[in-house]
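The block underneath contains the structure these notes are about, expressed in structure tokens.
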Amino acid sequence: VIRINNMSEWIMWVVNGIFENVGTVQDGMRTIVQPVELVDRPDARPLTISRGDVRFEGVGFGYGPDRPVIEGLDLAVRPGEKIGLVGPSGAGKSTLMNLLLRLYDLPGGRILIDGQDIAGVTQESLRAQIGVVTQDTSLLHRSIRENLRYGRPDASEEQVLEALRGARADAFVADLRDGDGRSGLDAQVGERGVKLSGGQRQRIAIARVLLKNAPILLLDEATSALDSEVEAVIQESLETLMEGKTVIAIAHRLSTIARMDRLVVMDQGRIVETGTHAELIAAGGLYARLWQHQTGGFVGVE
Ligand code: ATP
């Protein structure tokens with residue numbers, strides 16, 4: 001049985017397109033429901049994205065029959081809008097992202113991208129047009145170049161280099177040298193190859209998604225152990241990545257929250273508040289309490 005416990009693991013599943021396992025496993029007291037390989041409808045058509053408008057309409061979902069995880073959720077994300085999803089642990093933020101990637105089918109409601117119900121489009125076309133960046137993306141035991149071209153095998157060398165620059169990864173990649181003397185883009189990642197730091201891996205992941213150039217981005221910026229200098233560089237590369245894209249980000253960091261057009265606060269599978277940081281602080285609700293808790297009362301954002 002293969003377990004999928006976190007975003008980084010499941011994104012490798014998405015990227016590799018090898019959903020081959022079905023079923024549940026016990027993880028302590030919890031039953032983990034695993035994505036089942038969904039079959040495209042016979043009449044499934046490729047998703048065509050022109051604007052990048054995302055709508056959740058009356059979405060309901062539960063991993064098991066006993067407990068709903070998402071309930072009656074409505075959310076319209078405008079083309080190019082950047083949304084920060086906020087909420088306590090277990091609120092359903094990651095689940096919402098899983099649903100947009102159609103890792104699970106919806107028992108209730110629908111999700112539309114540019115007016116097309118994602119249940120009726122091919123999974124390949126859906127996942128090809130959604131870029132995902134998580135905190136600790138797994139890299140392949142291949143060269144840096146192959147790792148980057150994974151999402152877009154036909155990318156030219158110039159496009160690969162441009163993505164590296166956009167992700168602020170060009171300088172450290174140029175300095176890489178593996179145990180077999182291969183360097184730069186040819187350096188191999190993994191066992192005998194180069195070992196990358198968390199911040200470097202993340203920049204490779206960002207470069208990969210930049211290269212993929214998907215119109216919709218999902219970001220899960222779990223609280224990181226990166227030092228603030230590296231975090232600032234990552235932040236810069238994320239800015240480049242988000243330009244002109246529709247973005248849904250699970251927001252943990254202050255700097256992330258400040259940049260977002262709108263925050264959507266979830267609790268127990270429902271949206272309980274939406275607004276900008278300033279609006280939500282002024283409203284004095286759940287977000288304000290979470291903020292207070294995280295920052296010890298500091299209200300401003302830079
Ligand atoms: P966090 O901030 O801790 O990542 P979250 O808001 O992203 O939390 P989800 O991961 O979406 O929350 O989880 C929502 C609920 O669904 C939780 O109660 C969680 O235990 C449950 N859950 C999540 N994934 C699975 C799964 N694969 N199988 C069974 N239950 C799950």
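Ligands are counted one by one from 1 in listed order, and the atoms in each one are counted from 1 as well.
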Heavy-atom contact under 4.0 Å between Gly87 and ligand 1? no
Closer than 4.0 angstrom: is that true for some heavy atom of Met97 and an atom of ligand 1? no
Using a 4.0 Å cutoff against the non-hydrogen atoms of [X], which atoms of ligand 1 qualify?
X	value
Thr95	9 (P), 11 (O), 13 (O), 14 (C)
Ser94	4 (O), 5 (P), 7 (O), 10 (O), 11 (O)
Arg67	17 (C), 18 (O)
Ser89	1 (P), 2 (O), 3 (O), 8 (O)
Ala91	5 (P), 6 (O), 12 (O)

Give me the atom names and distance for the closest heavy-atom approach of [X] to [Y].
X	Y	value
Arg168	Arg203	O-NH1, 3.2 Å
Asp178	Gly193	CB-CA, 3.9 Å
Asp114	Gly52	OD1-N, 2.9 Å
Gln268	Glu71	O-OE1, 4.3 Å

Under 4.0 Å between a side-chain nitrogen and a carboxylate oxygen: does that hold for Arg51 and Glu81? no
In terms of side-chain geometry, is the basic nitrogen of Asp180 or Arg182 positioned less than 4.0 Å from the acidic oxygen of its partner? yes
For the residue pair His277 and Trp291, categorise the inter-ring angle as parallel (less than 30°), tilted (30 to 60°) or perpendicular (more than 60°). perpendicular
Is the contact between Val69 and ligand 1 made by the side chain, the backbone, both, or neither, using heavy atoms and a 4.0 Å cut-off? side chain
Could you tell me whether Gly90 and ligand 1 have an N or O pair separated by under 3.5 Å? yes
